[in-house]
Every structure is written in C-alpha cells, then in structure tokens.
Amino acid sequence: MADPKGFLTTGREVAETRPVAERLRDWNEVYVPGSLLPIISKQAGRCMDCGIPFCHNGCPLGNLIPEWNDFAYREDWRAASERLHATNNFPEFTGRLCPAPCETACVLGINQPAVTIKNVEVTIVDKAWETGDVTPQPPERLSGKTVAVIGSGPAGLAAAQQLTRAGHTVAVYERADRVGGLLRYGIPEFKMEKRHINRRIEQMRAEGTKFRTGVEVGRDIDAAKLRKRYDAVVVAAGATVARDLPVPGRELRGIHQAMEYLPLANKVQEGDYVAPPITAAGKHVVVIGGGDTGADCVGTAHRQGAASVTQLEIMPRPSDERPASQPWPTYPMTYKVSSAHEEGGERVYAVSTTHFEGDEEGNVRALHLVEVEFADGRFQPKPGTERRIPADLVTLAMGFTGTDQANGLVEQFGLALDARGNIARDADFATNVDGVFVAGDAGRGQSLIVWAIAEGRSAARAVDRYLSGQSTLPAPIRPTDRALVV
C-alpha cells in the first residue's frame, strides 16, 4: 500500500488549467505543463489498495491501478510505467481523453472525492517518454503470417501493436491522409496534442507495423481481394455514420455534422490550411448535442472567434451529485463542466429543434426550438415555450448510428450485421467470414476509448490464436461485456 493514511490526510487535487484568456489564443493543451508532477505522488498515496479494487471493474482494460499508484507514490517511475503498459498500449491517450469510469468506481469515492487515477496515469506515461522508458518492442521472431487492420483509431492501433509484437506482419489501412482515426481528426488539439500520436506511430513503425494511409477499403481496394492477400483481417473501422436531424431547413448552408467541422480545424494545426473552410469566426454558433463531441465543437468555436456559442441538449440538466438510481460503482450521469464550457457559451437543456430558418441566399440564420418533457415514452413539446435563437453555423453532435456501409466494405466482405447495425461477431470477435474479425466501435457501437483499446487487445488474442493455434496475448474483455451502468 502506498500511504496508509493518505486518503485521510491529503485532499484531492487535479491538473491545473491555464487561464481561459491565455488558452483561447492558442490550440495547445489546456493544462499547465508540469503542474501535476509536484503533487502527483501524494495524490497517488490517497489510493487505499482495496482488498477488492473496484477501479478494476470500472476500467475494461483491467488496469493494475493500485499497483502503479504505489509505484508513483514512491516515485519509482520506471516500475510504474511497466505496470501501466502491461494492460494499456496507449495510456497517454486514455489519460487525456477517457472520462475515467475507474474514478467513479473508486472505493474512496463512496463518501469522498475519488483518487485522481487519470492524472496519475498521464503523469506516469509522460514521465516514461521523458526518461526514454518507452521503447520499441519488436518481436524476437516472425511467424510468417500476415494481418490487415482496417482503421487506425485506438482499437485498430491496439490490435496492430499486439499482433506485431506477437510476430505477425501487420499492415494498417487508414482512409484518411494521416494515421490516428478520430484521435487525429475528431479530437481537438487542445484536448490532446497530436505529437502524442506521432511518437506512438514511430514506436509502432520501429516494431515493424506498416501503415497505408489514404486507402479506403471498399472504395480504393476491394475488401474481398484484401482478404485473399492476408491470412487474417481485423475490421476496426469505427462507428462513423453520424445521427442526423431531419427537420425543415436542414438543407440550408451552414449546418454541418460535427465530424465535418472538427477535422478541418485539426487540419489547420497540421499545416494543411491557413484557415479552415468551415469556421466559426464572427458567427453565432449553435451546437446540437450535449456530449463530449459537442463540447469539442464548443471549444473549437471559441478558439475560432465565434460571436456566441450555444449548446443544446434534449435531456434535462443532470444533477450535481450522483443520483440514487445510479449507485456506486456504476458510472453516473452527473453535471460536468469541461474545459470548453469553462471558456464561455450557454448550455440549454430539455429542448428540441423544430426547424431552421434561412436567408434569401440559402444560408442558415436562426434555429427554432421548443422545451420538451419526457412522457409516454417520448419527448413531448411544452406548449408556449417556442423560441428563436440566432444561428450562422450549426454543428450536429448527436452521436453515431453504426459503421459505414456506403463505402462497400461490409458488402464486399459479406459481413452480417446485428440488430443495431453493428458488424456481428461471436465470442472470439470473429465475423461470419472466416479469418475476418471485428474490434472497437464497428462491432460494439459508439463507446469510450478504453473500450476500444480493450477490444483491440482482445481481438488481437483471437487473431493470434486463429493464426497460431494458441496465444499468450491478454484478452481483457469479451464482446458481450458492458460498462458498469444501471
């Protein structure tokens, strides 16, 4: 155990953020560089090393949290990094982007603020990179087997790295011009600077993983032919079909899916544009959707100089405290204020868009909404609550409905789908097509980064066993496993 009295003597402290006025002038991560290291050992010491550490249940990766908390408390950073990487290929991603279900499952969190697990995690891995403890791990020998991984998001990258280290020759196919999937183009720079992706890709290249960017399987290359070329295929293409809003005026210019808007801002940071083709500069921006993607749109609009930003959510405002109906250790729906929300804008709950209003040139100029309440199994409008708000740019951030079928990948492989439109798989992540496996959101549906990495690792074991007859790779989850929710 780290500090037997740590949870009694030390209060919770989290990463310090830079002043709003400062960070709105750049696209760097919002946290003060180096602010965690002076406090993180004591924060790690708050871990109680529970007899039954429920943080393990909260995290699908099975992270050995009490163990690396102990090493961090003792400032044995190399040992902490070894324990952290034993279960997680990319802790610098999860330490920045995961909503930390491990913390809501922390035993200390029953009646006190939980351990800052996420902050400890990111400190350990950043320290490991700084000291050179993160190195390539190429296989001792090659198996002679080949694997194609379709998609370079967290699930695809995790599967590729595990299979490469197992000795297979792996090629990752990515339809975008750079590796990373939504990590690259869906996550704004202020949440995770892309240098973290770049150095992981270089590590993977040094281990032997090959990357084929700008190649969309189904369009640029026939999926059936790809299957014949490789001994196995892992489909990790994500759930990229965005939910739309079919209301009058949807066809007006200036209304975009979040994943049409966000990637352009990231491409500016990559040097592809001087200014993005879609910008919030000087505009009244409305973001429809109250989740993380919506918050990303809010933060991006602030940095682009929006005249105003309003975020709409059809659900009522969550409570500040854990609801009694969502008891520990489940993940509760509570009111959260992200760094983007700290930067300004208005959040409006329990409303639904009725229609958009445009000008004579076909550009959106206003949004009409109505307050709603849930009754008889659906959201019902409340009479007399209609109102109009200005809107020069509207982003739709209402989630995703399944994997892309328009590009031909599903049809060309001949893959079966489940009732929710995801690619169907059995208990070993295998599809109905021999040698084709599926990992991440393409099979699970829209989910968290930790579930994507866990699925990539688990699918890698299934593929390794398919190719070799046995496997020593870890498999933290089954396809049917679900998060700790009510």
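- When all heavy atoms are compared, the tightest approach of Pro113 to Arg46 is O-NH2, 2.9 Å.
- Applying the 6.0 Å contact sphere to CD of Glu411 captures no more than 12 heavy atoms from other residues, nucleotides or ligands.
- A salt bridge does not link Asp464 with Arg461: none of the charged nitrogens is closer than 4.0 Å to a carboxylate oxygen.
- The number of heavy-atom neighbours closer than 6.0 Å to CZ of Arg420, taken from other residues, nucleotides and ligands shown, is 12 or below.
- In plain terms, the two heavy atoms of Tyr185 and Ala176 that are nearest each other are CE1-CB, 3.9 Å.
- The shortest side-chain heavy-atom distance between Thr116 and Leu36 does not fall under the 4.5 Å cut-off.
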Check your understanding: Passes side-chain contact (heavy atoms from CB on, under 4.5 Å), Ile278 versus His256? Steps please.
Key -> CA-CA 9 Å; Ile278 303 173; His256 304 276; 3.5 Å; yes
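- Within the 4.5 Å cutoff, the side chain of Phe211 has heavy atoms near those of the Leu157 side chain.
- Side-chain contact between Arg175 and Asn407: present, with at least one pair of heavy atoms (C-beta onward) separated by less than 4.5 Å.
- In Arg219, the CZ atom is crowded: over 12 heavy atoms of neighbouring residues, nucleotides or ligands sit closer than 6.0 Å.
- Salt bridge annotation for Glu121-Lys118: absent, with no cationic side-chain nitrogen under 4.0 angstrom from a carboxylate oxygen.
- The cationic atom of Arg303 (NZ for Lys, CZ for Arg) lies less than 6.0 Å from the six-membered ring centre of Phe190 and within 45° of the ring axis.
- Heavy-atom minimum distance, Gln257 versus Ala242: OE1-CB, 3.3 Å.
- Side-chain contact check for Gln137 versus Thr164: every heavy-atom pair is 4.5 Å or farther apart.
- Atom OH of Tyr466 is separated from atom CZ of Phe437 by 6.5 Å, given to the nearest 0.5 angstrom.
- Counting non-hydrogen atoms of other residues, nucleotides and ligands closer than 6.0 Å to CZ of Arg199 gives a total above 12.
- A donor-acceptor pair under 3.5 Å is absent between the side-chain atoms of Arg83 and the main chain of Pro66, judged by distance alone.
- Under a 4.0 Å N-O distance rule, the pair Glu270/Lys194 does not qualify as a salt bridge.
- Asn63 places a side-chain heavy atom less than 4.5 Å from the side chain of Trp68.
- For the residue pair Gln269/Glu193, the side-chain donor-acceptor check at 3.5 Å is not satisfied.
- The existence of a salt bridge linking Asp126 and Arg96 is confirmed by a sub-4.0 Å separation between a basic side-chain nitrogen and an acidic carboxylate oxygen.
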- Chi angles and distances behind the side-chain contact (heavy atoms from CB on, under 4.5 Å) call for Val30, Glu342: CA-CA 11 Å; Val30 300; Glu342 293 173 352; over 6 Å; no
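- Electrostatic pairing of Arg178 and Asp272 counts as a salt bridge here, judged by a charged N lying under 4.0 Å from a carboxylate O.
- To the nearest 0.5 Å, atoms OG1 (Thr240) and CD (Gln405) are separated by 10.0 Å.
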Margin query: Let's go through Val170 and Val234 carefully: what are the C-alpha distance in whole Å and the side-chain angles of both, what is the deciding distance for side-chain contact (heavy atoms from CB on, under 4.5 Å) to 0.1 Å, and is it a yes or a no?
Written below: CA-CA 10 Å; Val170 180; Val234 178; over 6 Å; no
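- Once rounded to the nearest 0.5 Å, the distance linking NE2 of His168 with OG1 of Thr209 reads 12.0 Å.
- A donor-acceptor contact shorter than 3.5 Å links the side chain of Thr94 to the backbone of Pro91.
- When only modelled atom types and interatomic distance are considered, Asp296 and Tyr261 share no side-chain donor-acceptor pair under 3.5 Å.
- Contact between Thr334 and Pro323 at its shortest, heavy atoms only, is CG2-CD, 4.2 Å.
- Using a cutoff of 4.0 Å between basic side-chain nitrogens and carboxylate oxygens, Asp292 and Lys191 are not scored as salt-bridged.
- For the pair Phe71/Glu82, no side-chain contact is recorded, criterion being any heavy-atom separation below 4.5 Å from C-beta on.
- Between Asp177 and Lys267 there is a salt bridge, with a side-chain nitrogen of the basic residue lying less than 4.0 Å from a carboxylate oxygen of the acidic one.
- Salt-bridge formation is detected for the pair Glu455/Arg425: a Lys NZ or Arg NE/NH1/NH2 atom is positioned less than 4.0 Å from an Asp or Glu carboxylate oxygen.
- Using a 4.0 Å cut-off between a side-chain N of Lys or Arg and a carboxylate O of Asp or Glu, Glu13 and Lys42 do not qualify as a salt bridge.
- Note that CG of Asn119 is 12.0 Å distant from CD of Glu16, once rounded to the nearest 0.5 Å.
- Between the Asn432 side chain and the Gly414 main chain, a donor and an acceptor come within less than 3.5 Å of each other.
- Nearest heavy-atom pair across Glu202 and Arg205 is OE2-NH1, 3.0 Å.
- Residues Ala237 and Thr403 come closest through the heavy atom pair CB-OG1, 4.3 Å.
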- Task: Verify side-chain contact (heavy atoms from CB on, under 4.5 Å) between Ile477 and Trp451, making sure each step is shown before the conclusion.
- Result: CA-CA 9 Å; Ile477 61 170; Trp451 283 95; 3.8 Å; yes
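- Counting non-hydrogen atoms of neighbouring residues, nucleotides and ligands closer than 6.0 angstrom, the CE atom of Met333 reaches no more than 12 such neighbours.
- The closest side-chain donor-acceptor pair between Asp231 and Thr146 falls under 3.5 angstrom.
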Full working for salt bridge (Lys or Arg N to Asp or Glu O under 4.0 Å) between Arg212 and Asp220: CA-CA 12 Å; Arg212 308 278 187 263; Asp220 301 318; over 6 Å; no
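- Contact check for Pro53 versus Val107: no side-chain heavy atoms found under the 4.5 Å cut-off.
- Paired with Leu97 under the rule side-chain contact (heavy atoms from CB on, under 4.5 Å), one option of Leu448, Val122, Leu183, Leu182 passes, and it is Leu183.
- Side chains of Ser152 and Glu174: a donor on one and an acceptor on the other come within 3.5 Å.
- If you take CZ on Phe400 and CG on Asp441, they are separated by 9.0 Å, rounding to the nearest 0.5 Å.
- Taking the side chain as every heavy atom from C-beta outward, Arg184 and Ile197 approach each other to under 4.5 Å.
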